[in-house]
Amino acid sequence: MKKTWKYIIILMLASCAKEANWQMEGSADDHIVIDAIITNESGQQSIYIYYNKTEMNEVARAVSGAVVVVNNEDSTWQFVEDADEEGKYNSQGNIVAVTGKNYALLVLHQDHVYSAQAYMVPGKAFPELSYQKNLHDELYHINYVASAFEQSDPAMWEILIDWSEVSGYENADPAQCKKRLLFYTLNTLDVSQVFAPLLEEVLFPAGSQIDQRRYSLSPGHAAFIRSLLLETSWQGGVFPSDPANILSNISEGGLGFFGICAVNSLSISVEP
């Protein structure tokens with residue numbers, strides 16, 4: 001039995017690499033990626049549109065000059081391209097998404113019209129995350145945010161950590177003293193998720209401020225995120241999944257997703 005387990009472990013740890021030739025019909029300009037999340041938080045909201053990448057590590061090119069409109073049964077909002085950031089389209093006026101409404105996105109670019117529909121699942125309160133001090137230094141790390149699996153109420157968790165105001169870091173580059181982490185609670189559980197590659201651990205000092213934000217996900221939005229993770233963060237582990245197309249609710253061959261999310265948030269100060 002010991003010898004059998006030895007061979008199984010060797011097979012699990014062994015890996016191989018082969019060249020993959022990515023084939024895409026048409027040019028990159030024929031495919032656009034729309035990143036659109038509208039929330040129930042009052043204020044200006046933004047939608048990002050880029051051309052699809054065709055090479056690994058390629059810098060995404062912004063889609064400029066598009067016409068972007070969002071509406072529900074009661075209102076219509078025009079989005080105008082940001083003067084300082086191409087590909088970013090800001091709402092004209094405040095938007096507060098609500099439950100019980102169907103939302104539609106319309107994007108016109110050159111000779112193409114892209115559309116999508118979405119609705120908002122109610123948000124819910126949640127307990128704060130937990131963090132722990134390292135054994136070998138004075139820094140801390142997050143050790144729990146939320147369960148990775150829940151049969152109902154899938155969610156995306158955005159964690160914003162800021163220690164730029166902590167004593168001893170006043171002269172450091174503020175951009176290097178801020179981190180943004182994403183975690184997901186999904187209603188599916190995959191082998192490639194359980195055996196996913198380890199992620200880099202973010203370390204921060206006492207006195208750091210942490211904003212924890214929960215985004216409610218519709219079933220379609222959760223399915224999109226799962227398909228994205230299967231092709232990105234969950235690849236490269238012991239049991240990688242077979243390559244497949246990432247789901248999308250964008251019409252006419254568009255990529256990405258249009259989602260409506262309820263956001264609940266809380267703030268934490270890291271105590272020594």
Side-chain angles (χ1 to χ4, degrees), residues 1 4-18 20 33 35-37 39-40 99 116-132 141-161 179-202 210-250 255-266 268:
M1 177 62 76
T4 301
W5 277 110
K6 176 181 177 181
Y7 291 146
I8 291 174
I9 293 172
I10 290 174
L11 287 172
M12 289 175 65
L13 296 178
S15 63
C16 60
K18 67 178 182 178
V33 180
D35 180 8
I37 292 182
T39 74
N40 62 342
T99 58
Q117 290 77 42
Y119 64 93
M120 188 172 75
V121 173
K124 60 184 295 187
F126 57 89
E128 65 181 44
L129 56 78
S130 63
Y131 56 86
Q132 183 176 345
H141 64 273
I142 292 173
N143 59 1
Y144 183 79
V145 174
S147 173
F149 171 77
E150 187 176 320
Q151 191 169 4
S152 59
D153 295 324
M156 176 176 72
W157 305 83
E158 181 183 39
I159 311 301
L160 305 174
I161 310 173
K179 294 293 182 180
R180 177 176 181 262
L181 307 175
L182 295 176
F183 298 85
Y184 303 95
T185 296
L186 300 178
N187 51 10
T188 54
L189 191 60
D190 296 272
V191 174
S192 55
Q193 173 187 2
V194 176
F195 294 96
L198 295 177
L199 299 177
E200 180 182 1
E201 192 171 55
V202 173
I210 301 178
D211 290 330
Q212 182 178 1
R213 295 161 56 82
R214 180 189 186 277
Y215 292 74
S216 68
L217 299 177
S218 67
H221 202 163
F224 160 74
I225 289 176
R226 173 181 177 269
S227 70
L228 179 63
L229 293 172
L230 284 168
E231 297 302 312
T232 53
S233 300
W234 296 348
Q235 284 288 359
V238 177
F239 298 106
S241 61
D242 293 330
N245 290 332
I246 296 174
L247 300 177
S248 174
N249 65 348
I250 311 296
L255 306 174
F257 201 86
F258 170 55
I260 309 294
C261 301
V263 178
N264 296 79
S265 61
L266 56 82
I268 305 167

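- Side-chain contact check for N143 and Q132: at least one donor-acceptor pair (N or O, by modelled atom type) lies under 3.5 Å.
- Of the possible polar contacts, one joining the Q235 side chain to the L230 backbone as a donor-acceptor pair under 3.5 Å is found.
- Taking E150 as the reference, K124 meet the salt bridge (Lys or Arg N to Asp or Glu O under 4.0 Å) condition, with sequence neighbours excluded.
- Once rounded to the nearest 0.5 Å, the distance linking CG of L255 with CD1 of I246 reads 8.0 Å.
- Aromatic pair F257/H221: centroids less than 6.0 angstrom apart.
- Between the side chain of T185 and the main chain of S147, a donor-acceptor pair closer than 3.5 Å is present.
- In this structure, CZ on R214 lies 12.0 Å from CD1 on I159, to the nearest 0.5 angstrom.
- The CD atom of E128 sits 7.5 Å away from atom CD of Q212, with the distance rounded to the nearest 0.5 Å.
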> Given I161 and I142, is the side chain to side chain contact (heavy atoms under 4.5 Å, CB included) satisfied, shown in steps?
Replying inline: CA-CA 10 Å; I161 310 173; I142 292 173; 3.9 Å; yes
> Would F126 and W157 count as a ring pair (Phe, Tyr, Trp, His ring centres under 6.0 Å) if you check the C-alpha gap in whole Å, the side-chain angles of each, and the deciding distance to 0.1 Å?
Replying inline: CA-CA 11 Å; F126 57 89; W157 305 83; 5.1 Å; yes
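- Checking side-chain atoms of S218 against main-chain N and O of V121 turns up no donor-acceptor pair under 3.5 Å.
- Taken from OG in S265 to CG in L160, the straight-line distance is 10.0 Å, to the nearest 0.5 Å.
- Residue Y144 holds its OH atom at 11.5 Å from CZ of F183, rounded to the nearest 0.5 Å.
- Between the side chain of N264 and the main chain of R213, no donor-acceptor pair closer than 3.5 Å is present.
- Note that NE2 of H141 and OG of S130 are 8.5 Å apart. Values are rounded to the nearest 0.5 Å.
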